[in-house]
Amino acid sequence: MRLSNRSLTRLHLFCPQPGRRYLHSSERVYSRGFDNHAKSLEKDVARSQVDSFEALGLHPPIVSALRSAFPHIKSPTKSQETLIPAVLAGNDIFLQDRTGSGKSFGLVLALLNRSRAAKITLSSIFIVPHRDLAYQIRRWVARLFGHRASASSMNKVVQVLVRDSRDSGGSLRDDDPPHLLVATPQALLDVWRQQPDALRLKTLSAIVVDEADYLIPTVDLAHRRADDTMKSQHAGKTREFLNLVYGTSQSMDDDEIEPPERRRSPQLIVSSATMPRHLVDYVSEDSLWLNRDNWVKIYGNATHARRRASLVTHSVLVVHDDMIRNIEGAISKSRDADDPWFRSGRVEADANENADNDAVWQHASDESSDWHEYSKTISPFNPLALETIATLFATQVPTTALLVIPSSAPVQRAVFELRAIGVNAHGLDLLHDEQVEAGSSRSNPILLVCTWANTRGLDLLDLSHVFILGVPEGGKRAYLHIAGRVGRLQSRWNGHAVMLVSPNEEATARGLLGSLKQEAVAVAV
Ligand SMILES: Nc1ncnc2c1ncn2[C@@H]1O[C@H](COP(=O)(O)OP(=O)(O)OP(=O)(O)O)[C@@H](O)[C@H]1O
């Protein structure tokens with residue numbers, strides 16, 4: 001972490017013994033998991049019996065691109081061993097394996113392997129919940145083919161379609177569709193409405209719904225029957241798009257009506273680390289999306305999954321609201337007057353007064369005009385929680401950590417406040433942030449900040465810690481996806497998930513952590 005002198009002083013003011021004070025002043029609830037070494041993690045990777053991708057049906061050019069772009073990927077994982085042939089055979093698929101087990105990566109390989117019906121035909125659509133995941137998938141493909149493809153030829157292989165797209169303009173060129181389109185559901189619907197022919201649904205051969213339980217929210221039968229409003233409440237954009245492609249489902253209450261036969265294509269692949277039974281029931285029984293004669297379930301190896309999950313520690317810190325007062329007691333009055341930054345969470349000094357001797361501040365104010373506004377308004381964050389994260393980051397993170405904040409919380413504001421206390425924080429941006437791709441270094445660790453809603457599926461290089469502010473909406477399932485950003489296949493480090501909660505969230509957090517004991521990985525169907 002690069003700290004300006006001023007920031008260092010701040011950290012020391014609040015934390016004379018970095019690491020200790022917080023664990024003392026915040027109440028550590030408990031921590032589970034085993035802090036094994038990264039070596040053992042390597043051993044526990046769920047390896048397939050099939051040791052070559054060729055044996056699964058991938059074409060030699062794809063395999064050789066894989067070998068040169070991802071030399072560490074030697075053999076398929078267990079679920080890739082099953083899913084790649086199933087994709088190539090054209091089966092509809094339910095795919096569930098733990099976070100970081102290579103599901104999305106395996107799907108991308110298999111889809112790229114398929115030949116297009118014609119050069120000007122879109123072959124597959126990969127639906128993802130947020131733009132960063134879309135850019136991540138495009139990066140994988142660019143890395144696979146990057147050494148031999150120009151930017152324009154790359155566009156023929158993969159394009160991203162997201163609503164706030166800053167590079168493709170959110171539209172598809174009718175005359176030049178990519179082999180693989182990675183898109184968010186809203187952006188797909190927008191294109192469908194404006195240029196329905198651009199998606200070429202008639203010749204499309206596959207649709208993947210990644211993070212399916214998030215994109216197709218369902219409730220169990222009992223709730224659905226008890227509360228009619230659930231149907232419209234959970235009717236999402238993905239559902240709307242799939243209904244456009246495959247036809248509209250019969251009324252859920254109308255058990256009398258025999259569902260009409262759905263079309264046989266495109267192939268549908270529904271994937272997630274957590275696959276609740278009611279989602280499987282809904283897709284396979286209530287919707288018309290699935291080819292009922294030709295679908296398979298592929299579920300990960302629970303033993304391996306459990307072993308790997310034990311390499312992630314799960315901890316909770318309770319940060320008390322009034323703790324800031326206790327800490328103020330540790331700060332000399334004169335220093336406090338000099339340093340109004342954290343006083344009651346409100347900044348009263350004009351930014352320019354501090355600019356000369358504060359490199360962090362200067363850097364921050366260069367980046368956005370918002371910075372000045374932030375300095376005059378009350379922070380939505382508990383300063384003690386941010387200080388705790390700063391301390392853990394400074395003392396424990398080797399290269400990269402992720403801070404996940406509530407979906408409604410402002411990312412840039414969190415970045416601003418963390419930088420103000422000397423943390424090398426950045427809003428996550430996989431379109432622009434080369435640092436994420438290159439990985440950060442031990443001399444300058446990086447803290448990436450994003451919201452709960454934007455973590456699904458992310459595969460960030462070198463991540464060792466994920467700090468979670470608050471108890472995620474969506475309970476255990478949401479938590480597993482956020483904590484699942486660490487302890488992934490390629491990771492050099494053991495993973496640590498640290499949740500920081502307020503006292504009134506403590507019981508929920510305890511319950512959530514307790515529930516991981518019975519089932520430390522994915523929710524089994
Ligand atoms: N066969 C393999 N051997 C080693 N590493 C692999 C293999 N396949 C994929 N990986 C790596 O594993 C990481 C995780 O892949 P991926 O994001 O596809 O996992 P996932 O199961 O989709 O995770 P999530 O459920 O969180 O979305 C990637 O960095 C990828 O490069």
Side-chain angles (χ1 to χ4, degrees), residues 41-56 58 62-63 65-67 69-84 87 95-112 126-130 132-144 182 208-215 269-275 298-301 304-305 308-309 312 400 402 404 430 436-437 439 454-463 466 477-493 495 497 521-523:
L41 190 137
E42 264 301 297
K43 264 193 304 190
D44 282 333
V45 167
R47 290 286 171 213
S48 137
Q49 297 306 305
V50 179
D51 62 359
S52 95
F53 284 95
E54 284 101 333
L56 302 180
L58 293 185
I62 297 266
V63 179
L66 175 66
R67 287 210 182 101
F70 296 87
H72 58 278
I73 298 185
K74 308 262 190 261
S75 56
T77 60
K78 271 272 176 213
S79 50
Q80 288 169 347
E81 176 191 330
T82 321
L83 81 90
I84 291 174
V87 174
L95 170 63
Q96 180 195 15
D97 200 353
R98 73 170 297 272
T99 52
S101 58
K103 298 182 295 297
S104 309
F105 193 87
L107 288 171
V108 168
L109 286 179
L111 294 177
L112 290 175
F126 207 107
I127 308 179
V128 294
H130 56 89
D132 283 304
L133 184 51
Y135 293 129
Q136 171 181 297
I137 290 171
R138 187 176 66 180
R139 276 182 183 226
W140 283 344
V141 180
R143 195 166 150 190
L144 270 174
V182 190
V208 173
V209 183
D210 203 6
E211 310 299 340
D213 56 326
Y214 184 80
L215 286 176
I269 300 157
V270 176
S271 171
S272 182
T274 48
M275 190 78 76
I298 301 169
Y299 290 158
N301 181 312
H304 281 293
R308 279 187 56 79
V312 177
T400 315
L402 182 69
V404 187
L430 292 190
V436 175
E437 175 78 345
N454 282 4
T455 50
R456 283 260 190 163
L458 290 180
D459 185 60
L460 301 167
L461 207 65
D462 251 5
L463 205 67
V466 56
R477 197 142 42 98
Y479 175 84
L480 284 172
H481 281 274
I482 296 174
R485 297 316 97 206
V486 291
R488 299 169 72 80
L489 265 184
Q490 278 190 54
S491 185
R492 289 199 269 166
W493 318 108
V521 268
V523 177

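Numbering of ligands and ligand atoms starts at 1, following listing order.
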Worksheet item: Who gets closest to atom 9 (C) of ligand 1 by heavy atom: F105, W140, F70?
Response: F105
Discussion item. Tell me the closest heavy-atom pair linking L458 and H130, and the distance in Å.
Written reply: CD2-CE1, 3.7 Å
Discussion item. Going by ring pair (Phe, Tyr, Trp, His ring centres under 6.0 Å), name the residues that satisfy it together with F105, two or more places apart in sequence or in a different chain.
Written reply: F70, W140
Item to complete: Give the numbers and elements of all ligand 1 atoms closer than 4.0 Å to a heavy atom of Q80.
Response: 1 (N), 2 (C), 7 (C), 8 (N), 9 (C)
Discussion item. I need the minimum non-hydrogen distance between L215 and P129, along with the two atoms involved.
Written reply: CD2-CA, 3.7 Å
Discussion item. For ligand 1 and R488, I'd like to know whether there is a polar contact (N/O to N/O, distance under 3.5 Å).
Written reply: yes
Worksheet entry | Proximal ligand 1 atoms for T77, defined as those under 4.0 Å from one of its heavy atoms | 1 (N), 2 (C)
Discussion item. If we set the cut-off at 4.0 Å for heavy atoms, which region of R98 has an atom near ligand 1: side chain, backbone, both, or neither?
Written reply: backbone
Discussion item. Any heavy atom of I73 closer to ligand 1 than 4.0 angstrom?
Written reply: yes
Worksheet entry | Heteroatom distance test (F53, ligand 1): nitrogen or oxygen, under 3.5 angstrom | no
Response to the item:
Heavy-atom proximity to atom 12 (O) of ligand 1, picking from L489, L458, L460, points to L489
Worksheet, complete the sentence: Numbered in order shown, the ligand 1 atoms found under 4.0 Å of a heavy atom of S101 are 19 (O), 20 (P), 21 (O)
Practice prompt. Indicate the atoms forming the closest heavy-atom contact of R143 with H72, along with that distance.
Written response: NH2-CE1, 4.0 Å
Worksheet item: Does ligand 1 have an atom under 4.0 Å from some heavy atom of E211?
Response: yes
Worksheet item: Closest approach of L58 and L109, non-hydrogen atoms and distance?
Response: CD2-O, 4.0 Å
Discussion item. Using only atom types and a distance under 3.5 Å, with no angle test, would you say the side chain of R138 pairs donor to acceptor with the backbone of A134?
Written reply: no
Response to the item:
Quick note on ligand 1: atoms under 4.0 Å from a heavy atom of P76 include exactly 1 (N)
Practice prompt. Before signing off on this row, confirm whether K103 and ligand 1 have an N or O atom pair separated by under 3.5 Å.
Written response: yes
Worksheet item: Any luck finding a side-chain donor-acceptor pair between H481 and T274 under 3.5 Å?
Response: yes
Discussion item. List ligand 1 atoms under 4.0 Å from R485, heavy atoms only on the residue side.
Written reply: 26 (O)
Item to complete: Check Q136 against G457 and note the closest heavy-atom contact, atom names and distance.
Response: NE2-O, 3.1 Å
Worksheet, complete the sentence: The option among S75, G457, G102 carrying the non-hydrogen atom nearest to atom 1 (N) of ligand 1 is S75
Practice prompt. Could you list the residues that satisfy salt bridge (Lys or Arg N to Asp or Glu O under 4.0 Å) with R456, not counting sequence neighbours?
Written response: E211, D213
